[in-house]
Amino acid sequence: SRDYIPEVLLGLAVAGLIACGYRYARSHGPWWLAGASLCAALALATKETALIAFVCLAAALALTHGGVFRLWTAVAAVAAVILLAGPLRGYVHLAFAGSLHRHGPLYYLGLLGRTEAALLALAAAGALLVRTPLVRFLALYGGLMLLAYSAVPYKTPWCLLQFWQPLLMVAGAGLAAMWPRGRTGP
């Protein structure tokens, strides 16, 4: 980005966290765990809203790999960290105070529907057609992030990067699932 917008770096750090976490889950290599930890620390150092991503990541992981009991355990643990740490205080004040960037809950879907409707449809197709654990996790994570950011009245267009990035990966999986086998080009 030509302007410093921390959401770009936050999205990169969270994508790194997901990638390293995925590799760690597959190989149990300690370097992948160290990489995931570093990416989580970078995300939190970049923007306090990284905690929203952490809650959504924990919930998506619990839903795709752990069932209902693990979901509530993960949500309760992350909620306790958020309530005790308090780094979101400034954001919460901004999010619910009167502001130029106050919008309704459908603001982000309206933006994407006007400019990225085909990709949004491919993301929906990927979420419905592709049943691999990684794609299910990314679809849930992206959907939970969309819900979380839509629930907060304070909205800026660049905040949609946080949920659009995983949903674009799901859209790619959706396109691959619908693409005829053996076809190599458009």
Side-chain angles (χ1 to χ4, degrees), residues 1-18 21 36 39-64 66 68 70-117 119-124 126-127 136-171:
S1 140
R2 62 182 166 178
D3 300 314
Y4 174 70
I5 295 178
E7 280 76 12
V8 175
L9 295 175
L10 176 60
L12 177 64
V14 172
L17 169 62
I18 292 169
C39 289
L42 287 171
L44 195 53
T46 300
K47 193 138 175 60
E48 67 274 5
T49 54
L51 290 174
I52 296 170
F54 295 165
V55 169
C56 292
L57 285 168
L61 189 62
L63 284 169
T64 55
V68 175
R70 279 195 182 164
L71 166 67
W72 290 113
T73 304
V75 169
V78 175
V81 168
I82 290 171
L83 291 174
L84 294 174
L88 279 175
R89 273 183 284 189
Y91 181 76
V92 169
H93 173 71
L94 180 64
F96 293 99
S99 137
L100 170 69
H101 296 292
R102 236 177 130 74
H103 298 283
L106 297 178
Y107 174 73
Y108 292 123
L109 281 177
L111 281 178
L112 293 173
R114 283 191 300 274
T115 60
E116 308 292 343
L119 290 172
L120 204 55
L122 282 173
R136 282 187 13 225
F137 168 78
L138 289 171
L140 271 169
Y141 169 65
L144 289 170
M145 288 290 282
L146 172 61
L147 288 173
Y149 275 91
S150 293
V152 177
Y154 178 81
K155 294 176 178 58
T156 56
W158 46 87
C159 284
L160 68 78
L161 292 172
Q162 303 317 306
F163 56 84
W164 194 226
Q165 179 183 19
L167 292 179
L168 285 175
M169 290 189 270
V170 175

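One-based numbering along the sequence shown.
Interatomic distance, L57 CG to L51 CG, rounded to the nearest 0.5 Å: 11.0 Å. Here OG1 of T156 is found 7.5 Å from OH of Y107. Values are rounded to the nearest 0.5 Å. Atoms CD1 and NZ, on I5 and K47 in that order, are 10.0 Å from each other to the nearest 0.5 Å. Here CG of L120 is found 6.5 Å from CG of L109. Values are rounded to the nearest 0.5 Å. Expressed to the nearest 0.5 Å, how far CG of L111 lies from NZ of K155 amounts to 10.5 Å.
Q162 places a side-chain N or O within donor-acceptor distance of the main-chain N or O of E7, the cut-off being under 3.5 Å. At distances below 3.5 Å, not a single donor-acceptor pair connects side-chain atoms of Y141 with backbone N or O atoms of L167.
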Practice prompt. For L138 and I18, run side-chain contact (heavy atoms from CB on, under 4.5 Å): C-alpha distance rounded to whole Å, both residues' side-chain angles, the deciding distance at 0.1 Å, then the answer.
Written response: CA-CA 9 Å; L138 289 171; I18 292 169; 4.2 Å; yes
Item to complete: Could you walk me through whether L10 and L161 pass the side-chain contact (heavy atoms from CB on, under 4.5 Å) test, one step at a time?
Response: CA-CA 9 Å; L10 176 60; L161 292 172; over 6 Å; no
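Between L42 and L12, the closest side-chain pair of non-hydrogen atoms is not below 4.5 Å.
Scanning both residues, G16 and C39, for their nearest heavy atoms gives C-SG, 3.6 Å. Taking both residues in full, the closest heavy atoms of A50 and A43 are given as CB-O, 3.4 Å, listed atom of the first, atom of the second, then distance.
Ring pair Y149/F163 is tilted by interplanar angle, where 30° to 60° counts as tilted.
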